[in-house]
Amino acid sequence: MHKLASLLGMLLKTDIGISPSNLPRMKSPVARAVTFALLIIVVLPSYGMFAYACYSLISGAIIINQPGFVFAALMIGASIGMFVASTAYIFTTFFNSDDNSMLISMPIKPSIIAVAKLIRVLVSQYLFIALLIGPSLIAYPMLKAVSPLYYIYCIAALLLCPIVPLSIAAILCIVIVRVFAIRVSSDWLQGIATALSIAFTVGINILMRKGTSSMQGLSSAQVMALLYSNSHIVVEAISKSYPPALFASRALTEHASFAGFANLCAYSAVCAASFALAALSSSLFYLKAAISGKGIDPPKAKRAEFSAKAFTKSRPKALSIALYDLKTLIRTPTFAFNAFGQVFILPLLFAYILSIDARGAAIDLSAVIGKIPDIAILYASLGICYLLTISSPSSTTFSREGKAIWISRTTPVEASEQLIGRLIAPFALIASSCLLVFIALTAYFGFGALASLLAVVYAFMASMPVALFGAVIDISRPRTEWESPAEAVKGMNTLIQSFVCIAYIGLNCIMLFFLDKAGASSFVLYLELAMVHIASSALLVWIFLVKYSKWIVERK
Amino acid sequence: MLSINNVTKSYARNAPAAVKSLSLTVNASEIYGFIGPNGAGKTTTIKMACGVLRIDSGSIKINGIDISDDPIAAKKMLAYVPDSPYLPQKLKGTEYLNFIGDMYDIPRSDRADIIHKHAKSFDIDDALSSRIGSYSHGMQQKLALTGALLTRPKLMVLDEPMVGLDPKSAHALKETLKEMCEDGASVFFSTHVLEVAEKFCSRVGIIQHGALIAQGTLDELRGGKDETLEEIFLELTDA
């Protein structure tokens with residue numbers, strides 16, 4: 001136990017030392033304070049919107065007598081998020097970590113090393129969980145009377161939340177490396193975890209539809225009667241795919257009764273069992289997996305005769321940088337998913353899920369669209385922009401290069417060429433997504449060709465400043481000291497860009513709303529939005545160029 | 001070719017200077033060895049010379065161009081290989097070298113010949129079609145060196161270039177650098193291998209605690225005594 005505590009202490013100190021939340025190194029305390037204040041100004045309104053949305057959802061859930069619905073949904077969402085985000089991290093921590101050689105050579109039980117590493121990953125997830133679930137946990141007592149026991153249950157739920165997904169991820173990593181003995185890199189494992197999570201999400205969606213099938217064909221009054229007759233009907237439906245969410249949700253909403261205690265016990269038991277299983281598989285397989293080399297060492301370079309033909313092309317610098325960037329993007333599964341998955345697959349998946357009703361039939365939006373005014377196209381463009389840029393690859397523009405960043409610093413390239421080269425990949429992705437959205441809007445949702453074209457053109461224009469902001473934030477604080485590409489994607493830059501994306505879209509929506517209220521014509525509204533997008537983009541290009549010339553020379 | 005004038009660098013406001021008022025010159029066709037104990041300021045000086053680390057005061061000129069005033073023009077004349085040259089793991093050797101060729105405007109007609117010559121001497125010519133991620137540490141260093149040599153620099157700046165190289169490749173590197181100097185280029189490199197500095201360098205500079213404590217040819221450093229570079233180094237750094 002002493003060894004485990006000591007090892008865990010050392011690992012956590014290392015983690016805190018390389019925390020991604022560290023502010024950029026600034027000499028002046030004034031500059032630090034200003035940067036921190038700016039970050040808060042950017043982040044807080046967006047987070048406030050999220051907190052308000054949670055409050056409204058809880059309020060709605062209480063009104064329809066389904067108080068635990070939001071808790072269960074957030075638990076499932078957090079579990080999927082943690083499973084996706086942490087699988088590659090666990091793999092790296094377990095098998096690709098720099099400290100492995102040192103630790104394995106020490107007289108410590110392999111299970112202690114594995115358990116310490118698992119706890120290290122667990123601890124790293126608590127900030128994410130607190131940020132995601134915290135607002136709902138705080139909102140609930142504002143809307144419904146709770147006893148002091150509720151707060152204890154909240155802490156327990158937060159502490160237990162990451163255990164099941166991370167234990168499953170740890171078992172998956174160990175099994176893949178040891179039992180199947182296949183060669184797999186951490187970012188491929190991330191791809192596997194992501195594919196599983198997409199399947200899981202679709203599965204939940206199908207199960208939710210099946211779960212609510214009893215409500216199909218019922219009138220509104222009958223549905224309400226059903227909801228009021230059983231306060232867990234929705235929670236039970238959505239938790240079929242992930243039962244721990246049901247236990248956690250019921251423990252929180254029924255904290256004052258024995259049922260709540262029993263659910264907390266059940267939740268704890270599930271978490272303890274999954275953790276014990278992860279620890280057991282670690283003690284059985286971890287050492288053998290870690291020293292077998294299978295799945296860790298890349299294949300040796302293949303030898304082939306030198307070919308002069310490979311060097312017959314020369315390209316403009318910006319194009320060469322773009323190709324370099326695209327190859328890194330496409331050949332690294334984590335980055336590829338971040339770029340293609342989140343820009344193509346997830347928006348289309350969500351669009352599909354949103355567009356079908358409980359019977360599984362596509363909703364005919366054409367009838368609805370016929371009734372909406374021109375301004376709706378502009379709102380739609382901002383909605384599309386959200387899907388295209390909420391996790392734009394531009395926020396890892398420089399972080400993607402990792403420790404090879406010294407090459408970019410030492411090559412004689414103008415800032416403008418760097419900017420063009422670096423943005424070709426994200427903009428090509430956004431443009432391709434716009435094309436897909438255009439096809440989907442016209443062919444699937446029944447939008448007119450002109451309306452669809454305007455929507456995607458404006459979405460592209462709105463995406464420009466958001467994507468440029470990603471590049472600016474990444475050049476301001478690139479995260480290049482990573483072992484696994486997931487660390488670059490998981491950095492604060494992606495999070496900040498997501499918040500800025502929400503804030504930018506929100507501000508534009510507010511501006512449109514008030515201009516419309518003031519009686520501005522459609523032409524003025526279209527012109528105004530185009531000007532805002534172009535002016536914001538121009539400003540961010542200028543900031544990038546200034547930042548680049550500063551970044552190219554390290555301070556430390 | 002390289003002129004470092006009164007350069008000072010601190011990593012934090014109240015921290016002791018990592019490099020203090022350092023001045024040195026590397027002439028054309030010269031191989032300058034830069035030696036010193038761990039933490040003496042070698043890598044800091046090298047990084048400042050390549051324009052990747054900000055200078056607090058003083059100036060550094062590459063062939064008369066101030067690297068702080070016109071970094072692009074200065075960088076076109078130099079090639080740098082760090083002590084741990086991490087390379088883009090997902091690119092193939094050929095792709096990396098083509099990228100470097102594009103960045104330094106190397107005509108495509110010249111690329112294959114230069115690359116073949118150096119890659120063959122480092123014994124990686126038949127591995128270039130593989131991804132860099134499959135290279136060993138030594139092979140990656142050889143590829144980084146091939147990339148640096150492809151740019152036909154007037155000044156080659158190398159941080160611990162012999163570490164990780166097998167004896168054959170180390171010999172090939174030394175021969176290549178000598179050839180470069182015969183053609184008018186210069187080499188500025190740091191090393192802990194004093195035998196290499198002794199036999200290979202035209203001049204040697206010894207740095208300790210951020211200050212240059214001695215520099216000159218081996219004969220100048222000996223000052224008439226019959227001493228090896230190791231003995232001179234130990235005397236100076238122990239003092």
Side-chain angles (χ1 to χ4, degrees), chain A residues 25 27-28 185 187 297-321 323-325 327-333 335-336 400-415 417 421 480-481 485 549-550 552-556, chain B residues 11-13 47 50-55 68 71-80 82 84-109 111-113 115-116 119-120 124-136 139 147:
Chain A
R25 297 171 194 139
K27 282 182 184 173
S28 157
S185 66
D187 44 348
D297 293 335
K300 298 278 179 228
K302 284 180 191 163
R303 298 277 172 172
E305 205 167 307
F306 179 83
S307 167
K309 277 185 186 172
F311 303 103
T312 51
K313 283 180 189 164
S314 63
R315 299 182 179 91
K317 287 179 185 176
L319 184 61
S320 194
I321 291 168
L323 285 172
Y324 172 14
D325 189 29
K327 282 170 187 164
T328 308
L329 199 70
I330 292 166
R331 292 174 186 173
T332 312
F335 296 145
R400 277 199 289 274
E401 280 188 50
K403 291 172 187 167
I405 197 79
W406 66 273
I407 300 167
S408 293
R409 283 189 197 273
T410 52
T411 45
V413 181
E414 297 286 349
E417 289 169 318
T480 53
E481 291 293 319
S549 57
K550 283 186 180 173
I552 202 76
V553 186
E554 283 177 290
R555 287 198 181 96
K556 290 190 176 181
Chain B
Y11 284 109
R13 193 168 285 175
K47 281 188 169 182
C50 298
V52 295
L53 195 58
R54 192 161 294 169
I55 304 164
S68 301
I72 305 286
K75 283 177 185 177
K76 276 184 181 168
M77 283 184 279
L78 71 86
Y80 165 58
S84 298
Y86 289 98
L87 298 177
Q89 303 293 300
K90 300 292 174 184
L91 260 59
K92 293 175 183 172
T94 49
E95 291 168 342
Y96 170 70
L97 293 172
N98 268 323
F99 173 74
I100 293 293
D102 290 338
M103 294 302 108
Y104 284 84
D105 300 313
I106 307 299
R108 59 182 176 179
S109 53
R111 286 186 196 181
D113 289 342
I115 290 167
H116 191 221
K120 195 167 176 58
I124 55 164
D125 56 323
D126 54 359
L128 294 179
S129 57
S130 291
R131 293 237 184 125
I132 296 170
S134 65
Y135 288 19
S136 67
M139 285 170 79

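Remember, it's a predicted structure, so these values are computed and weren't measured experimentally. Numbers restart at 1 for each chain; the letters A, B, ... are given by sequence-line order, proteins then strands.
Taking OH from B/Y104 and OG1 from A/T410, the interatomic distance works out to 5.0 Å, rounded to the nearest 0.5 Å. For the atom pair NZ (A/K327) and OH (B/Y96), the distance works out to 14.0 Å, reported to the nearest 0.5 Å. Interatomic distance, CZ of B/F99 versus CD1 of A/I407, reported as 7.0 Å (0.5 Å rounding). Going from atom CZ of A/F311 over to atom NE2 of B/H116 covers 9.5 Å, rounded to the nearest 0.5 Å. Interatomic distance, B/K47 NZ to A/W406 CH2, rounded to the nearest 0.5 Å: 11.5 Å. Atoms NZ and CG, from A/K313 and B/N98 in turn, are 9.0 Å apart once rounded to the nearest 0.5 Å.
Neither the backbone nor the side chain of A/I330 comes within contact range of chain B; no heavy atoms are under 4.5 Å apart. With a threshold of 4.5 angstrom between heavy atoms, B/T94 approaches chain A through its backbone and through its side chain. For B/L128, the part lying near chain A is the side chain, with the backbone staying farther off; criterion is any non-hydrogen pair under 4.5 Å. For a residue to count as touching a neighbouring chain, one of its non-hydrogen atoms must lie under 4.5 Å from one of that chain's; by this rule A/E417 does not touch chain B. Both the backbone and the side chain of B/P88 come within less than 4.5 Å of a heavy atom of chain A.
The backbone N or O of A/V413 sits nowhere less than 3.5 Å from a side-chain atom of B/K75 that would complete a donor-acceptor pair. In this structure, A/R331 contributes its side chain and B/K90 its backbone to a donor-acceptor pair below 3.5 Å.
Counting heavy-atom pairs closer than 4.5 Å to chain A, the top-ranked of the candidates B/S84, B/P85, B/A119, B/C50 is B/P85. In terms of heavy-atom pairs under 4.5 Å with chain A, the best-connected choice from B/L87, B/I106, B/I100 is B/L87. Interface check for chain B: of the options A/I321, A/I405, A/T328, the most heavy-atom pairs under 4.5 Å are formed by A/I321. Counting heavy-atom pairs closer than 4.5 Å to chain A, the top-ranked of the candidates B/R111, B/Q89, B/K92 is B/R111.
Between B/D102 and A/S320, the shortest heavy-atom contact is OD2-OG, 2.7 Å.
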